[in-house]
Each structure stands twice: as structure tokens, then as C-alpha cells.
There are 6 protein chains.
Amino acid sequence: MKISGRNKLQGIVKEVVKGAVMAKVVVDYKGDEIVATITVDSIDDLGLKVGDEVTALIKSTEVMIIK
Amino acid sequence: MKISGRNKLQGIVKEVVKGAVMAKVVVDYKGDEIVATITVDSIDDLGLKVGDEVTALIKSTEVMIIK
Amino acid sequence: MKISGRNKLQGIVKEVVKGAVMAKVVVDYKGDEIVATITVDSIDDLGLKVGDEVTALIKSTEVMIIK
Amino acid sequence: MKISGRNKLQGIVKEVVKGAVMAKVVVDYKGDEIVATITVDSIDDLGLKVGDEVTALIKSTEVMIIK
Amino acid sequence: MKISGRNKLQGIVKEVVKGAVMAKVVVDYKGDEIVATITVDSIDDLGLKVGDEVTALIKSTEVMIIK
Amino acid sequence: MKISGRNKLQGIVKEVVKGAVMAKVVVDYKGDEIVATITVDSIDDLGLKVGDEVTALIKSTEVMIIK
């Protein structure tokens with residue numbers, strides 16, 4: 001199975017914060033932090049918890065460049 | 001100046017491909033590739049070229065998680 | 001493997017149009033059309049062609065509602 | 001009035017969950033579920049409730065493809 | 001008909017540039033420029049041309065803040 | 001420092017509403033309202049409050065056109 005999204009960054013979950021609808025997931029990626037805000041349903045569906053090995057998936061059209 | 005976008009990944013531009021309206025920028029980030037698709041105008045405005053030190057800016061709402 | 005994106009719509013590719021950087025993919029989904037604009041690299045990476053069974057993946061934060 | 005967003009999927013609201021700022025809307029679309037996360041203000045502005053006929057609007061640049 | 005997207009900015013089209021798949025639309029909005037990149041199909045579907053009165057529609061989850 | 005995002009709209013913060021994970025920021029922009037939904041962390045990181053001069057940053061790929 002392949003996904004068209006060009007950016008797949010593998011890391012370890014280091015924090016999960018759940019709200020009523022949205023949740024924050026912080027992933028340790030080679031010493032940096034990648035932050036995702038996804039639905040609480042997704043957290044429960046994937047059974048996400050600290051220590052999990054995950055991939056952060058980001059479509060290239062969502063990436064801006066600063067110089 | 002601070003930006004609300006939570007993900008700021010610093011790397012080096014390793015490829016720029018320009019279309020008529022959109023352009024692809026590939027950034028070497030800690031040995032991984034981050035791909036951004038931005039407008040050709042942005043490429044010209046920032047004077048983006050291979051070797052530039054840049055930051056990939058990604059809003060947390062645009063990040064999915066795979067487990 | 002599970003993906004946090006809440007919307008996964010399965011259909012058949014009915015059209016692929018490649019530009020210099022971006023490409024259009026039209027998926028027949030239960031008689032409706034789902035249109036994705038992804039990079040040409042993704043088309044080549046996935047070997048996308050008419051007739052392929054695919055899933056359109058859409059993060060819930062990207063969906064607006066009209067009433 | 002026409003909207004540039006290429007994906008307009010018509011369905012029936014089957015669930016609305018409101019948080020402090022964001023809300024989840026689940027739309028029944030030909031037997032599948034489409035999930036949108038929009039602001040609570042949008043829910044109130046549109047008077048969204050279960051049973052409403054709505055259209056899920058999705059820009060093509062927000063659609064990834066899995067094969 | 002109401003749309004959940006919170007940002008609706010009315011202006012006049014001042015430029016349209018078409019690529020193979022994507023197109024750029026520049027809208028004059030109270031003396032500022034709003035730039036949209038949409039599909040060429042959308043340009044043709046809406047019959048977009050310079051001088052048209054349009055609304056730029058932006059979901060609130062897509063807006064970052066700089067301070 | 002330059003950012004590839006094409007849309008930078010300067011205004012004054014007129015409202016901030018914080019949820020558990022997400023927050024709403026309303027910016028007065030030339031008499032119109034621009035609404036951003038960003039993380040609570042971003043609010044705290046930028047020290048955002050009513051009266052602040054800010055810029056709303058929007059990538060062109062996130063802008064739809066209505067005609």
C-alpha cells in the first residue's frame with residue numbers, strides 16, 4: 001500500500017493531549033518535535049499512546065518554506 | 001516575530017522544479033526529504049535555490065498520524 | 001497500519017492528467033467524482049493509472065459543510 | 001453561485017459533537033461516513049443538526065490517494 | 001445556502017494564470033492581494049476572468065497567525 | 001526572513017477563545033473579520049491577546065474562489 005502524500009516522518013509519540021473533539025499528538029522526530037492536531041476519534045481508533053512508533057504524514061501542498 | 005504554525009523543520013534545499021504555476025522544493029532535513037509544493041512566484045520572491053538554508057513550516061492541523 | 005485521517009473513500013481511477021509539477025486524479029466513487037491534485041512524483045511512485053482501485057484520503061479538518 | 005472546490009458530496013447529517021472551539025460533523029454519504037471538523041461557530045451559524053441535508057465541500061489539493 | 005468556512009473575503013479578480021493542472025487567481029481585496037491556487041478545471045467551470053466579482057473562501061483551520 | 005505563503009493580511013486581534021487543544025483567534029482586517037483556529041500552545045507561545053497587531057498567513061493552495 002502506498003500513499004501519495006510525499007512527507008512521511010517516522011518518530012516516537014512523546015505526548016498526547018485530548019480535548020472534546022480535537023487532540024494534540026507530539027512526535028519526537030530525530031530530536032525535533034512534530035505536532036499533529038487530529039480528532040479524538042483518531043486517537044482512540046489508532047490506540048495512540050506515548051512510546052508508540054508512528055509516521056507523521058504531510059501532503060506537500062501543506063508545506064510552506066521560510067528563507 | 002513568531003509564527004503560530006507548530007512545525008518548523010530546518011534543512012537545506014536540494015532540488016527546485018518549476019512548473020507554470022506550481023513548483024516543487026525538496027529539502028534535506030536530517031537525512032530525510034521534506035517536499036513542499038508552493039507557487040512559482042514564491043520561488044522567485046524568496047530567490048530559492050539549491051543549497052539555501054530554509055525552514056519547512058507546517059501547521060499542526062495538516063499532519064496526519066499513521067500507526 | 002491505521003491512518004488518523006477520518007475520510008477514506010474507495011473508488012476507481014477514471015482520469016489522470018499530469019502537469020510539470022502537479023497532477024489531477026479523478027476517482028469514480030459510487031457514481032460521484034472525487035478529484036485529487038497531487039504531485040506528478042506521486043503519480044509515478046504509485047504507478048497510478050486509469051482502472052486502479054484506490055482510496056481517497058481526506059483529513060476531517062479539510063472538509064467544509066454547506067447547508 | 002459556483003465554488004472552485006472540486007469535491008461536493010451530498011449527504012445527511014447523522015451526528016454533531018461540539019467542543020469548546022471545534023466541532024465534529026458526521027455526514028452519511030451513500031452509506032459511507034464523511035467526517036468534518038469545523039468551528040462551533042459554524043455549527044451555530046448554519047444551525048446544523050442531525051437529519052439536515054448538506055454538502056461536504058473539499059478542495060482537490062486536500063485529497064491524498066492510497067493505492 | 002451557507003458555508004461553514006469562516007473566512008469569506010469579497011474582491012475583484014485582477015489576474016488569472018493557467019498551468020496544465022493548476023491555476024493562479026489574484027484577487028484585489030481592499031487594496032491587498034489575495035492569491036488562490038485552484039485547478040484549471042475550476043477556472044473554466046466558473047468562467048473566471050479579470051474583473052469578476054468573487055469571494056475568497058478560506059477555512060479557519062488553514063489560517064496561521066504571525067506576531 | 002521571507003515566507004512562501006502568498007497571503008499575509010495585517011490586522012488587530014479582537015477576540016481569543018481557548019479550548020482544551022484548539023483556540024479561535026478573530027482578527028479585524030480592514031473592517032472584515034478573519035478567523036483562525038490554531039492550537040492553544042500557539043496562543044501561549046505568541047502571547048496572543050486582544051489588541052495585538054498580527055498577520056494572518058494563508059497558503060494560496062488553501063483558498064477557494066466563489067463566483
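Computed from a predicted model, the values in this text were never measured in an experiment. To find a chain, count down the sequence lines: A is the first, B the second, and so on, and within it residues start at 1.
Contact of F:Met1 with chain A is made through backbone and side chain together, with heavy-atom distances under 4.5 Å. With a 4.5 angstrom heavy-atom cutoff, A:Val21 does not touch chain F via any of its atoms.
Note on residues 48-67 of chain F: no pairs pass ring pair (Phe, Tyr, Trp, His ring centres under 6.0 Å), not counting sequence neighbours.
Taking each heavy atom of A:Gly19 and F:Ala20 in turn, the nearest pair found is CA-CB, 3.7 Å. Nearest heavy atoms, F:Ile58 versus A:Met64: C-CE, 4.2 Å.
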Give every donor-acceptor pair between chain A and chain F closer than 3.5 Å, one pair per line, or write none.
from    : atom 1 : to      : atom 2 : distance (Å)
A:Lys24 : NZ     : F:Asp41 : OD2    : 2.5
A:Thr61 : O      : F:Lys59 : NZ     : 2.8
A:Thr61 : O      : F:Thr61 : OG1    : 3.3
A:Ile65 : N      : F:Ser4  : OG     : 2.8
A:Ile65 : O      : F:Ser4  : N      : 2.7
A:Ile65 : O      : F:Ser4  : OG     : 3.4
A:Lys67 : N      : F:Lys2  : O      : 2.8
A:Lys67 : O      : F:Lys2  : N      : 2.6

